[in-house]
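Note that the coordinates shown come from a computational prediction; the quantities given were computed from them, not determined experimentally.
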Amino acid sequence: MSISIYSPKISRSPIYFPRNGSKPYLRYNHCVDIVPFKNSFLALWNANSTGQENYPGQYNFISRSEDFKSWSAPLQVFSGELCSNPVKSDNQWQPSLINYKDEKVFCLWCDYNAEKTYIAETEDGIHWTNEELKASGKMPENTVAFPTNHGFLCQDGTMIFPLSFPVKKDNHEIGACRYAGILMSRDGGANWEWGGVTEAVLPENVERINIWEPMILESGENELCMLIRNAGEPGKGYQSKTEHCILSAVSKDKGYSWTKCSPVEVESVASRCYAGTVQDGKSPIFMIMNDWQPGIRPETGPEDRLYLSLYLAPLPDPDTLLPGPVVQAEGGRGFYPNAFVKDGKIYCAYTYPDYIMGSVIEELPDFSKAFLMPRESRPGLRTEIEEDRIILNHLQSCMNIVLTPELSAQKRLKLDFRFKSRVRNENDFCVFSAGGKTRDGFKLSLRYDKETDQDMLFAEFADGRNEALTHIRLKEENAIAIELENESLKISINEIVREFSGKLIRKFAFGDLYKTPSWPSGVEPVRDEIQIALSSIEIA
């Protein structure tokens, strides 16, 4: 039986659109969070009528839905009649939500100018009580506790809110943040305490560093993983590389201490991500994030937030995440996602780009068997299968291979497949890639050899090794076997065998995982056709 291809149905609908005939008329809408609660859905975000971020008049708003399609007109949630102890100040930021056992919803939010952070709760999803946060322990000195992402409910009932800790400044500029940490409650919200913090690894001569909007995952027994946006500033002495836009830190004591930040081997842009587990705290994970690279199009910064996509990984290890279907509405910029899993579907909300959108992804993938997943953010892959063939026809074409948790963890792994080069330009063409971009990575690439008028297969490694393997002929089928163990790699090409030392991160793709995409997107001419025989793919 052929390996299956994951191609979920994705439906999209607006949560709030400013010119839909209802009031209030909010022109700036951003930082949405969503939760299911007591047979309905809640969406909260910060907004104002001026169309400008961090401008007087910025409040948190709430909208409700029974079906995730039709939403109520937004109402001020923490400064109006819905809330006990309302806060009238108007520099309100990024509500972060936790549904606690469908009994209460907790929301952490802040007024950055006032340098105050608040915890609010509701038992009916309509009426809220609001209190200034009083937490035991100690947060970093001279900082503001700034909630920035969806809260996390651990399997043991511990509630965790991830936070950034920007430095207090006279002008209250958002940024200049070198700490990420957590707020947690182990008793259902009766008491709150600060966890440990992780600190950015600072390059030399840095004027400004900004690690921002962390996200929490449960990655093992007593172990947490924090994923963090790395927002380097051009011209400020530090610029995030495309492969360093997401950082991670690990806690092995339930959040009381953290490792230093380290880059995740996933390409993206500097924007908030959402990550969660498919079923429970230790199952395969997913992430929703922009699958693009900064600096490709003439505009930079927020203009790079394209192709909001679903990533999947068989283990709670962010280095193994692979990009797949595009979640957002076609075209334009979609960013700042939050999500949850319910009834076998992923519900997602995001900014697009001055209103709030929702997407529903169904069904969830079956991780009991390995499967293929097209990367929709890169044009050039014919996602339909033509007579048992996957067609790679652009240099950035990419069809990912998603393993099972068992295959990812086993000591020895073997992948077999057959491919044919039917149409070839003289450019180098990556047939298969594995592992990371900056470490523990490998590519099997075709390179045209003028002397023999044939293609030479090369093994290219992330550590700089680049070795010729063997010639292959155009339009002839080639049998490939790739075997890995913990510290070694064996490549067999038409029974010619080469062995290499080195470790590989266990994520694989037909095509190039790390090829820089072309711009404008989707206009590069077809110059190649590499065919992968679908029925030949075997993983053991």
Side-chain angles (χ1 to χ4, degrees), residues 3 372 374-375 378-401 414-437 441-484 488-502 504 507-518 524-539:
I3 189 169
L372 301 177
R375 186 183 196 175
R378 302 293 190 264
L381 173 68
R382 297 180 194 169
T383 54
E384 70 273 14
I385 301 303
E386 299 181 357
E387 299 178 0
D388 187 47
R389 296 171 296 173
I390 300 167
I391 310 296
L392 307 175
N393 54 17
H394 278 167
L395 298 179
Q396 67 266 29
S397 297
C398 186
M399 174 72 89
N400 293 307
I401 307 167
K414 184 180 180 184
L415 169 67
D416 292 271
F417 66 93
R418 298 192 308 273
F419 87 93
K420 180 191 299 183
S421 173
R422 198 180 77 87
V423 176
R424 277 286 284 129
N425 189 28
E426 294 185 3
N427 294 326
D428 288 6
F429 195 105
C430 178
V431 175
F432 175 84
S433 53
K437 179 178 181 179
F442 154 78
K443 294 197 296 187
L444 188 64
S445 297
L446 291 170
R447 186 170 301 165
Y448 177 64
D449 184 351
K450 291 183 179 180
E451 292 185 3
T452 61
D453 191 29
Q454 293 179 344
D455 278 320
M456 173 75 76
L457 273 172
F458 273 75
E460 305 175 54
F461 293 86
D463 61 12
R465 287 177 292 167
N466 191 339
E467 298 191 31
L469 300 176
T470 185
H471 285 98
I472 65 166
R473 294 186 180 277
L474 191 69
K475 301 182 180 180
E476 292 185 4
E477 195 166 69
N478 300 274
I480 307 292
I482 297 173
E483 295 182 55
L484 0 135
S488 65
L489 169 68
K490 182 188 294 185
I491 305 171
S492 173
I493 305 168
N494 301 329
E495 300 183 351
I496 297 174
V497 178
R498 291 288 304 275
E499 295 190 28
F500 300 91
S501 62
L504 291 180
K507 61 177 180 181
F508 310 119
F510 296 116
D512 195 339
L513 261 174
Y514 305 111
K515 179 66 179 177
T516 301
S518 58
E524 184 178 358
V526 172
R527 297 178 181 274
D528 301 87
E529 184 176 303
I530 309 300
Q531 301 178 354
I532 311 293
L534 189 63
S535 60
S536 72
I537 301 171
E538 295 184 5
I539 306 171

Problem - Ring geometry between Phe442 and Phe461 (parallel below 30°, tilted from 30 to 60°, perpendicular above 60°) - result: tilted
Exercise for the section: Decide yes or no for Ser501 and Arg465: does some side-chain heavy atom of the first lie under 4.5 Å from some side-chain heavy atom of the second? Expected result: yes
Handout entry: Residue pair Asp416 / Ile537, side-chain heavy-atom distance below 4.5 Å
Key = no
Problem - No-hydrogen, no-angle side-chain donor-acceptor test under 3.5 Å, Asp428 and Ser445 - result: no
Fill in the blank from the handout: What one should report as the nearest heavy-atom pair of Asp528 and Arg424 is OD2-NH1, 2.8 Å
Handout entry: Donor-acceptor contact present, side-chain His394 to main-chain Glu524, <3.5 Å
Key = yes
Problem - Short side-chain donor-acceptor distance under 3.5 Å, Asp453 and Tyr448 - result: yes
Exercise for the section: List the atom of Leu474, the atom of Ser421, and the distance in Å for their closest heavy-atom pair. Expected result: CD1-O, 3.0 Å
Handout entry: Residue pairs, two or more places apart or on separate chains, that pass salt bridge (Lys or Arg N to Asp or Glu O under 4.0 Å) and touch residues 472-484
Key = Arg412-Glu483, Arg418-Glu477
Exercise for the section: State, with a plain yes or no, whether a side-chain heavy atom of Arg527 is found less than 4.5 Å away from one of Pro525. Expected result: yes
Problem - Which atom of Gly441 lies closest to which atom of Leu504, heavy atoms considered - result: C-CD2, 3.6 Å
Problem - Test log, rule side chain to side chain donor-acceptor pair (under 3.5 Å), inputs Asn494 and Asn478 - result: CA-CA 6 Å; Asn494 301 329; Asn478 300 274; 3.0 Å; yes
Exercise for the section: Report yes if some heavy atom in the side chain of Thr470 is under 4.5 Å from a heavy atom in the side chain of Arg498; otherwise report no. Expected result: no
Fill in the blank from the handout: In Leu457, Asp512, Leu392, Leu415, the residue satisfying side-chain contact (heavy atoms from CB on, under 4.5 Å) with Phe432 is Leu415
Practice task
Look at the side chain of Asp455 and the backbone N and O of Leu446, then say whether any donor-acceptor pair between them is shorter than 3.5 Å.
Solution key: no
Handout entry: Glu538: side chain to side chain donor-acceptor pair (under 3.5 Å) partners, not counting sequence neighbours
Key = none
